[in-house]
Each structure stands twice: as structure tokens, then as C-alpha cells.
J.: 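Sharing a structure below in C-alpha cells format, with a few things to ask.
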Amino acid sequence: GENVEQHPSTLSVQEGDSAVIKCTYSDSASNYFPWYKQELGKGPQLIIDIRSNVGEKKDQRIAVTLNKTAKHFSLHITETQPEDSAVYFCAASDFSGGYNKLIFGAGTRLAVHP
Amino acid sequence: GAVVSQHPSRVICKSGTSVKIECRSLDFQATTMFWYRQFPKKSLMLMATSNEGSKATYEQGVEKDKFLINHASLTLSTLTVTSAHPEDSSFYICSARDIGSAGVSLNEQFFGPGTRLTVL
């Protein structure tokens, strides 16, 4: 089955700086890689995703890059704002067992300081 | 679009009682819903995959007789924690996967707001 590792576990940046979170996955068959933002006491919110036939995707201040050869993908947040502070999870699709599910990384706690 | 609701948002119960949590997809149909458990400052742990009209598929180590899942319609799945004990206290989150306009399941999962269960 799939295994996803996420780094760093915590990240502290100044407002306006960029933040980068990196994930690696183990199963070369995985083809879908979403990123979720979770605020305290709430459910995860999908912020961006990328499929294996694309190398990069951007949505305003958020971008995701995928390197299939190296089996890693990254989340890039530019011009960070205090409201970006949250826990971010990466995930990869897992087709083992005959059905599609997501395997999540351990999460990154991002703190953006004014 | 793609809104998933959960009810209740918070529940406190006595040890030995059963608790039912509902997960609804409000503006789309979902043949597949997922139930996760999350401990404080930890990642999401998949408990089971709920398929409409069939039995749920449980992850290894999850007791199916303790965590009963029913997915009776394309918009509703329920998780019942039976004979709850303090160690069952946790944040339970469901997600739903859109069936897609062409009737083909997409990969995207949309999450509910979660239910915090406290067992005294």
C-alpha cells in the first residue's frame, strides 16, 4: 500500500514570506495528490490538487508541483497571511485492496506571524 | 458546491451507550463516503469506506461490530459507535466522493466539519 511522508512538521514564517511543504510517496501507481487545510476544530478543506499527468498547478497564491520520477510533491504558498495559519495535510491516492482511498501525511502546522 | 455536513458537531455520552453520527452530502451524490478518526495533533486515520447499498470496508484493526456503518442512500452515511468507552473519545470526520456528472467517481473527497465525541 501507499505511504506518505510529510515535512516539516511545523513551519513558522513572517507575513509576506513564502512557505513550502514537501511530501514523498511510495507507490508509483498513485495518480492523485490533494492538499488539505485544517483549522482548529474543523474538518479538512481541499485547497488544491494535482494529477499525475500534470507537473505543476497554480491557484492564486497557492501552487503545487509534482515530480513523478522522484515521487515527491510540494505545496507552495506565496505572500503568506496570518489567516494561512493552520495545519496542512498532503495525501496520495491508494488503489491497493481493490478500491480507491487517500493516504494522508502526518501534517504540517504552519504559523504565519504578523 | 461540494458541501458535506455532519450531525451532531459535538456529543457527550456515558460509557456503555451508543452514539450515531450522520454524514450528508448536501449538493451532490456520493456512492462512496469515508469515515476517519483524528486524535489531537495527529493525522487522519481512515476507519472504513462506506459504499451505498453494500457493506462497508473496514481498515485493519478497526472493529466492525463496534463501529457500525450504514450507507442507505447516495447522500447519507451513518457511523454508530456501539457501547462507547472513554478510549473512543475522538474527533470523527467523514468525507464524500462526488459521483461526477458523467456517473464516474472522481478522486476528490470533500470533508465534513467533524464530530467531537467525548465518552465519560
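The analysis underlying the following values was restricted to heavy atoms, covering all of them including side chains, and did not include hydrogens, waters or symmetry mates. Chain letters run A, B, ... following the sequence lines, proteins first, then strands; residues in each count from 1. Everything quoted here is computed from the prediction, not taken from an experiment.
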J.: Return yes when atom NZ of B:K66 has more than 12 non-hydrogen atoms of other residues, nucleotides or ligands closer than 6.0 Å, and no otherwise.
T.: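 Buried by this count: over 12 neighbours within 6.0 Å.
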J.: Decide whether A:I62 and A:Y88 are clustered together by the hydrophobic rule: side chain heavy atoms of Ile, Leu, Val, Met, Phe, Trp, Tyr closer than 4.5 Å, transitively.
T.: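 Per the 4.5 Å side-chain linkage, A:I62 and A:Y88 are co-clustered.
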J.: With the 4.5 Å side-chain cut-off for hydrophobic clustering, are B:I21 and B:L76 part of the same group?
T.: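 No: no chain of side-chain contacts under 4.5 Å links B:I21 to B:L76.
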J.: Does A:E79 CD have over 12 foreign heavy atoms under 6.0 Å away?
T.: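 Result for CD/A:E79: open.
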J.: Using every non-hydrogen atom in the two residues, find where A:F89 and B:K42 come nearest and quote the distance to one decimal.
T.: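 The answer is CZ-O, 3.9 Å.
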J.: Under 4.5 Å heavy-atom distance to chain A, tell me which part of B:Q6 shows up: side chain, backbone, both or neither.
T.: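 Neither the backbone nor the side chain of B:Q6 comes within 4.5 Å of chain A.
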J.: Taking all non-hydrogen atoms of both residues, which atom of A:G105 and which atom of B:S43 are closest, and how far apart?
T.: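 Shortest heavy-atom contact: O-OG, 2.6 Å.
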J.: Would you say that more than 12 heavy atoms from the other residues, nucleotides or ligands in this model lie under 6.0 Å from the CD of A:Q60, or not?
T.: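 Result for CD/A:Q60: open.
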J.: Where do A:Q38 and B:I93 land on the side chain to side chain contact (heavy atoms under 4.5 Å, CB included) test, with the steps shown first?
T.: CA-CA 12 Å; A:Q38 186 178 29; B:I93 313 173; 3.9 Å; yes
J.: Looking only at non-hydrogen atoms, find the nearest pair between B:K41 and A:R109 and report the distance.
T.: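 Of all heavy-atom pairs spanning B:K41 and A:R109, the closest is CG-NH2, 3.6 Å.
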J.: Let me know if A:F104 has heavy atoms under 4.5 Å from chain B in its side chain, its backbone, both or neither.
T.: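 A:F104 touches chain B through backbone and side-chain heavy atoms alike.
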J.: Hydrophobic cluster membership, with links at side-chain heavy-atom distances under 4.5 Å among I/L/V/M/F/W/Y: are A:V64 and A:V54 in one?
T.: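 Yes: a chain of side-chain contacts under 4.5 Å links A:V64 to A:V54.
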J.: With respect to chain B, which residue among A:D49, A:I103, A:L102 yields the maximal number of heavy-atom pairs within a distance under 4.5 Å?
T.: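 The answer is A:L102.
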J.: Decide yes or no for A:Q45 and B:F111: does some side-chain heavy atom of the first lie under 4.5 Å from some side-chain heavy atom of the second?
T.: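 They are not in contact (no side-chain heavy atoms under 4.5 Å apart), so the answer is no.
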J.: With a sphere of 6.0 Å drawn around CG of A:L40, does it hold more than 12 non-hydrogen atoms of other residues, nucleotides or ligands?
T.: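 Count not over threshold, so no.
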J.: Taking B:P113, B:S9, B:G114, B:G112 one by one, which has the highest count of heavy-atom pairs under 4.5 Å against chain A?
T.: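 The residue among B:P113, B:S9, B:G114, B:G112 with the greatest pair count is B:P113.
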J.: Given heavy-atom pairs under 4.5 angstrom as the criterion, report whether the side chain, backbone, both or neither of A:Q6 touches chain B.
T.: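 No part of A:Q6 comes within 4.5 Å of chain B.
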J.: Quick check: closest heavy atoms across B:E108 and A:Y32, and the distance to 0.1 Å?
T.: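 Looks like CG-OH, 3.2 Å.
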J.: Can you tell me if NE2 on A:H113 sees more than 12 non-hydrogen neighbours from other groups inside 6.0 Å?
T.: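 Buried by this count: over 12 neighbours within 6.0 Å.
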J.: Taking side chain as everything from C-beta outward and backbone as N, CA, C, O, which of these in A:P44 sits under 4.5 Å from a heavy atom of chain B? Side chain, backbone, both or neither.
T.: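 Both parts, backbone and side chain.
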J.: For A:L46, is it the side chain, the backbone, both or neither that has a heavy atom under 4.5 Å from a heavy atom of chain B?
T.: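 Looking at A:L46, just its side chain touches chain B.
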J.: Atom CZ of residue position B:R10 - does it have more than 12 heavy atoms of other residues, nucleotides or ligands inside 6.0 Å?
T.: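 Not buried by this count: 12 neighbours or fewer within 6.0 Å.
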